[in-house]
Peer 1: 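Take a look at this one; I'll ask things after.
On a predicted model such as this, the values are computed, not experimentally measured, just so you know. In what follows, chains are A, B, ... by sequence order, proteins preceding strands, each numbered from 1.
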There are 2 protein chains.
Amino acid sequence: MKITFKGDYALKAILDLAIHHGRAERIESIAKRQDIPFKFLEQILLSLKKGGFVRSKRGRDGGYYLARAPKQITMGQVIRYVEGPIEPISCILKKGGTHCDFAAQCVLRDVFLDIGQYIADKVDRVTFADLKEKQLKKLAKENKYLNYSI
Amino acid sequence: MKITFKGDYALKAILDLAIHHGRAERIESIAKRQDIPFKFLEQILLSLKKGGFVRSKRGRDGGYYLARAPKQITMGQVIRYVEGPIEPISCILKKGGTHCDFAAQCVLRDVFLDIGQYIADKVDRVTFADLKEKQLKKLAKENKYLNYSI
DNA sequence: TTAATACCCTACTAACTTGATAGAGATTAT
DNA sequence: ATAATCTCTATCAAGTTAGTAGGGTATTAA
């Protein structure tokens, strides 16, 4: 029932690129800001590039940037790409349902189906434009608070 | 984002015992009905016994039976016991939140928090009395259908 | 009493996944 | 040219998963 570090890092990287939308960001900058091991992030970004989420520019002044607008990327797309299916139990999947021959009669499956659908719905609705907006608001509040307290 | 076989087996075993509530069931019977490897199920039941979900009787005519009424056991209790916390990301947990220092400012965390709460709510509400009832109804329909078709 | 039955317990393991690290190579702005 | 940056492949330690193996112990029907 867990998201892996890889998945978490991928989401953080995309969100970082969404916030800095418009220019290419170096892997190292993202890694430092998001507290992700540099070499690990390198691999993840390469994978996200293959997945069509980001593009890159090599050489000096190079870096990564989003392949499309933050509004056009959802959490669900990214999670499914790096982590695989969202469904919490394999017998829910149409393909590869080798897990259980009695899926049709399984009441446990019904519960997991419900949960799977809720999760899918949720992550498919949230775009990185939403996340960016909320993040910036949170940071603004934080700064305001800091200004008062100093 | 997956439930393990162990967790799935544990749920199936408890549901089986709920359906056969009132008498002791041998491991082998449960294993055959639920299609679970015998020796693996043996371990799981032993663990469920330690967790207080089931009791056992040794010797001839021995077997396992529920420690309390199906109504008093929820899916959530069983899942948490065999699989650990339900939350989809570690930074949500109060203890051991070593994953991320910026949890308070994290908008991703908010989404996972929401999902975690939905899952928890769901599995904590579903008791094995509910599951048993639904299962028996499904089987009854199945039989009816079979009777007609023969 | 004794043999059969069934749970009890510990150890082991192959395969896979996770979370990285290492280093050589390709590309580009200046 | 050369420094900066992404590209790509290989490797690896540690942990998890999904079991298997086998002897030990308690209970009870006959």
Peer 1: B:Lys57 has a side chain; which of D:dT28, C:dT30, C:dG19 sits nearest to it?
Peer 2: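 My answer, after comparing the listed nucleotides, is D:dT28.
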Peer 1: State whether A:Tyr9 places a side-chain N or O below 4.0 Å from either non-bridging phosphate oxygen (OP1 or OP2) of C:dA20.
Peer 2: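 For C:dA20, OP1/OP2 do have a side-chain N/O of A:Tyr9 under 4.0 Å.
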Peer 1: How many whole angstroms separate atom CZ of A:Arg23 from atom P of C:dA29?
Peer 2: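 Result: 18 Å.
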Peer 1: Please give, in whole Å, the distance from C:dT18 C1' to A:Ile44 CD1?
Peer 2: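 In whole Å, C:dT18 C1' and A:Ile44 CD1 are 11 Å from each other.
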Peer 1: For A:Ile3 and C:dT17, give me the distance from atom CD1 to atom P, rounded to whole Å.
Peer 2: 17 Å
Peer 1: Return the nearest nucleotide to the side chain of A:Phe5; candidates are D:dA18, C:dA20, C:dC7.
Peer 2: C:dA20
Peer 1: Distance check needed: C:dT18 P versus A:Lys2 NZ, whole Å only.
Peer 2: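 Atom NZ in A:Lys2 sits about 14 Å away from atom P in C:dT18.
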Peer 1: Need one value for A:Leu45: base, sugar-phosphate or nothing, where a base atom within 4.0 Å counts as base even if backbone is also close, heavy atoms only.
Peer 2: nothing
Peer 1: Between the side chains of A:Arg80 and A:Asp124, is the shortest nitrogen-to-carboxylate-oxygen separation below 4.0 Å, so that they form an ion pair?
Peer 2: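 A salt bridge links A:Asp124 with A:Arg80.
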Peer 1: Answer with yes or no whether A:Glu42 presents, from its side chain, a donor or acceptor under 3.5 Å of a partner atom in the base of D:dC6.
Peer 2: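 It does not, because no donor-acceptor pair links the side chain of A:Glu42 to the base of D:dC6 below 3.5 Å.
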Peer 1: Quick one: B:Ile27 CD1 to D:dA26 C1', roughly how many Å, whole number?
Peer 2: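 B:Ile27 atom CD1 is separated from D:dA26 atom C1' by 14 Å.
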Peer 1: Counting heavy atoms from C-beta on, name the nucleotide in C:dG25, C:dC9, C:dA20 closest to the side chain of A:Arg58.
Peer 2: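 So the nucleotide nearest the side chain must be C:dG25.
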Peer 1: When B:Ile73 is tested against each of B:Leu131, B:Thr127, B:Val78 for side chain to side chain contact (heavy atoms under 4.5 Å, CB included), which residue passes?
Peer 2: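 Exactly one candidate clears the test, B:Val78.
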Peer 1: Select one nucleotide: of C:dC8, D:dA10, D:dT20, the one nearest the side-chain heavy atoms of B:Tyr64.
Peer 2: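 So the side chain of B:Tyr64 is nearest to C:dC8.
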Peer 1: Select base, sugar-phosphate, or nothing to describe what A:Lys50 touches, counting heavy atoms under 4.0 Å on all strands.
Peer 2: nothing
Peer 1: I'd like to know if B:Gln43 reaches the base of C:dT10 with its side chain, counting only an N/O donor and acceptor under 3.5 Å.
Peer 2: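 Flag unset: no donor-acceptor pair detected.
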Peer 1: Which of these nucleotides, D:dG19, C:dT30, D:dC6, is closest to any side-chain atom of B:Phe40?
Peer 2: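 Of the options given, the side chain of B:Phe40 lies nearest D:dG19.
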Peer 1: How are the rings of A:Phe40 and A:Tyr9 set relative to one another: parallel (under 30°), tilted (30 to 60°) or perpendicular (over 60°)?
Peer 2: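 Perpendicular, since the angle between the ring planes exceeds 60°.
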Peer 1: Rounded to the nearest 0.5 Å, what separation is found between the OH atom of B:Tyr64 and the CZ atom of B:Phe53?
Peer 2: 14.0 Å
Peer 1: Without decimals, in angstroms, what is the distance between A:Leu41 CG and C:dG19 P?
Peer 2: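 Answer to the nearest Å: 14 Å.
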Peer 1: Please state whether the base of D:dG22 and the side chain of B:Lys39 form at least one donor-acceptor pair under 3.5 Å?
Peer 2: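 Looking at the base of D:dG22, it does pair with a donor or acceptor on the side chain of B:Lys39 (distance under 3.5 Å).
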Peer 1: What's the CG-C1' distance between B:Asp8 and D:dG19, to the nearest Å?
Peer 2: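 Going from B:Asp8 (CG) to D:dG19 (C1'), I get 15 Å.
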Peer 1: Between C:dC8 and B:Ser56, is there an OP1 or OP2 to side-chain N/O distance shorter than 4.0 Å?
Peer 2: yes
Peer 1: I'd like to know if the side chain of B:Gln34 and the backbone of B:Asp16 have a donor-acceptor N/O pair within less than 3.5 Å.
Peer 2: no
Peer 1: In whole angstrom, what separates B:Arg26's CZ from C:dT5's C1'?
Peer 2: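 The distance from CZ of B:Arg26 to C1' of C:dT5 comes to 9 Å, rounded to the nearest Å.
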Peer 1: On the side chain of B:Glu28, is there an atom forming a donor-acceptor pair with the base of C:dT5 - under 3.5 Å, no angle test?
Peer 2: no
Peer 1: Run the numbers on A:Lys134 and B:Asp110 for salt bridge (charged side-chain N to carboxylate O under 4.0 Å, His left out), then give the verdict.
Peer 2: CA-CA 10 Å; A:Lys134 277 179 192 158; B:Asp110 291 344; over 6 Å; no
